[in-house]
Amino acid sequence: MNVFHVVGTRPNFMKVAPVMNALKTRAHVVQTLVHTGQHYDANMSDVFFEQLGIPAPDVNLAVGSGTQARQTAEIMTRLEPVLLDRVPDLVLVYGDVNSTVAAALVCAKLGVRVGHVEAGLRSFDRTMPEEINRLVTDQLADLLFTPSEDADFNLRKEGIPAEKIFRVGNVMIDSLVKLLPSAQGQKQIGLPQNFALVTLHRPANVDDSAILKRILQSLLEVSKDLSVIFPAHPRTRKRIADFGLQAGQLHVLDPLSYVEFLGLQSRATVVITDSGGIQEETTYLGIPCLTLRENTERPITVSLGTNVLVGRDPDKLRVELSRILAGQAKKGTIPPLWDGHAGERIAAVLANYP
Ligand code: UD1
């Protein structure tokens with residue numbers, strides 16, 4: 001069986017690693033890795049390949065940045081001849097980024113079977129590009145691998161037949177479980193005892209100068225109570241510079257490697273973020289997470305985990321933060337099947353796939 005994996009962005013890399021690893025042991029499987037090049041900076045891509053033990057891509061489409069339409073179209077245009085030439089039996093796509101939907105569309109038109117890893121998540125907010133990517137990808141996929149029960153429920157409601165849906169758990173947690181010991185073993189020189197770890201990159205939070213300014217002001221308030229460590233996505237750094245905003249007391253860093261960031265997450269007093277994956281990682285680690293979004297496609301991190309949605313309301317952020325600093329952080333549990341073996345469960349499904 002000739003299996004292709006198509007990835008393109010930082011959050012795809014920790015999802016593909018455990019699946020490739022699990023499929024390595026299956027004699028009937030030949031794997032090909034395609035990197036679309038949606039993320040191309042060394043600290044957004046290469047370092048993740050090294051740390052996660054992902055083999056060098058067989059094909060790099062080198063699409064780079066662009067508008068939503070241009071980037072998606074470019075991935076489709078460059079992927080189509082590769083698939084026509086190499087004729088995979090199945091293409092696996094990951095998460096909810098432009099690379100995911102672009103690959104799913106090309107496959108569907110060529111009649112190549114697609115498996116979607118991390119299927120079924122819904123924020124019910126179609127202003128997010130990722131929500132469009134999720135909806136379209138799931139309609140096109142032949143195999144849908146879900147992380148949690150809510151995802152199965154969403155898919156069934158959208159008319160996806162039950163026999164296409166496989167609840168395998170959370171593949172990203174597989175990578176976390178594997179690399180947590182080395183992340184915690186790292187020396188952290190000069191790290192304060194208590195600190196807030198911040199990430200921010202959603203277009204809705206960083207592309208509007210007034211909104212970004214208000215968020216930075218809230219974070220400056222936070223920094224009066226504890227140090228704020230802020231590894232900034234290239235998009236966010238660019239916006240802060242373009243809008244002439246000041247990050248003052250915040251410790252703004254370049255994007256960190258997977259292991260460095262995981263080490264910081266596991267030691268943080270609180271994580272403040274608008275990322276999707278970090279809501280899940282903090283839930284697994286039992287670290288309080290305040291999410292700067294009005295909604296989440298990962299509601300299980302709120303119902304079972306440590307996540308609290310604070311939106312963009314500075315008062316809510318302040319109240320939740322004081323609760324955490326007073327030792328009254330929400331206690332969470334780890335959702336079922338977030339156990340480090342999701343990749344193996346995907347491999348087991350594929351072993352029985354004709
Ligand atoms: C993408 C995903 C988002 C995911 C995020 C993780 C989509 C629609 N969005 O958003 O879901 O959470 O990745 O990081 O697919 N840039 C660089 N170097 C890079 C990559 C990007 O400088 O290696 C800058 C460029 O200015 C680029 C901007 O970041 O225009 C945005 O990159 P893009 O891939 O379009 O979207 P992300 O915001 O990273």
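We count residues from 1, following the sequence as given. Indexing begins at 1, ligand by ligand and atom by atom, following the structure's order.
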Shortest reach to atom 18 (N) of ligand 1 by a heavy atom, considering only Asp41, Thr72, Val63:
Asp41

Suppose the criterion is side chain to side chain donor-acceptor pair (under 3.5 Å): which pairs have a residue in residues 54-65, not counting sequence neighbours?
Tyr40-Ser65

Near Ser65, which atoms of ligand 1 are under 4.0 Å from a heavy atom of that residue?
25 (C), 27 (C), 30 (O)

Charged N to carboxylate O under 4.0 angstrom, Arg214 versus Asp313?
no

Looking only at N/O atoms, are Lys238 and ligand 1 under 3.5 Å apart anywhere?
no

Where ligand 1 meets His201 - atom numbers and elements under 4.0 angstrom, heavy-atom basis:
4 (C), 5 (C), 6 (C), 12 (O)

Is the closest N or O pair between Asn133 and ligand 1 shorter than 3.5 Å?
no

Pair Thr273, Gln279: side-chain N/O donor-acceptor within cut-off below 3.5 Å
no

The closest protein heavy-atom partner of atom 36 (O) of ligand 1 is Arg235 NH1, 3.6 Å

Looking only at protein heavy atoms, which one is nearest to atom 2 (C) of ligand 1, and what is the separation?
Val97 CG1, 3.6 Å

Starting from atom 34 (O) of ligand 1, find the nearest protein heavy-atom neighbour and note its residue, name and distance.
Gln38 NE2, 3.1 Å

Lys/Arg N to Asp/Glu carboxylate O, Arg78 vs Glu74, below 4.0 Å:
yes

With the threshold set at 4.0 Å, does a side-chain nitrogen-carboxylate oxygen contact exist between Asp150 and Arg167?
no

Give the atom numbers and elements of ligand 1 that come within less than 4.0 Å of a heavy atom of Gln71.
34 (O), 35 (O)

Does the distance from a Lys or Arg side-chain N to an Asp or Glu carboxylate O, for Arg202 and Asp207, drop under 4.0 Å?
no

Starting from atom 11 (O) of ligand 1, which protein heavy atom do you reach first, and at what distance in Å?
Glu130 OE2, 2.6 Å

Give every residue pair that meets the side chain to side chain donor-acceptor pair (under 3.5 Å) criterion with at least one member in residues 253-263, sequence neighbours excluded.
Gln51-Ser257, Arg237-Asp254, Ser257-Glu260

Pair Thr9-Gln38, side-chain donor/acceptor within less than 3.5 Å:
no

Proximal atoms of ligand 1 relative to His233 (non-hydrogen, under 4.0 Å):
14 (O), 29 (O), 37 (P), 38 (O), 39 (O)

Shortest protein contact, atom 8 (C) of ligand 1 (heavy atom only)
Asn98 OD1, 3.3 Å

Thr9, any N or O under 3.5 Å of ligand 1 N or O:
no

Looking at Asp274 and Arg293, does any basic side-chain N land under 4.0 Å from a carboxylate oxygen?
no

Can you check which of Glu131, Arg70, His39 brings a heavy atom nearest to atom 13 (O) of ligand 1?
His39

With heavy atoms under 4.0 Å as the rule, classify the contact between Met44 and ligand 1 as side chain, backbone, both or neither.
side chain

Check ion pair Glu118-Arg298 (N to O, under 4.0 angstrom)
yes

For atom 24 (C) of ligand 1, tell me which residue out of Gly66, Pro234, Ser275 has the closest non-hydrogen atom.
Pro234

Carboxylate-amine/guanidinium proximity below 4.0 Å for Arg122 and Glu130:
no

Shortest protein heavy-atom distance from atom 16 (N) of ligand 1, along with the residue and atom involved:
Tyr40 OH, 3.6 Å

Which atoms of ligand 1 have any heavy atom of Pro11 under 4.0 Å away?
6 (C)

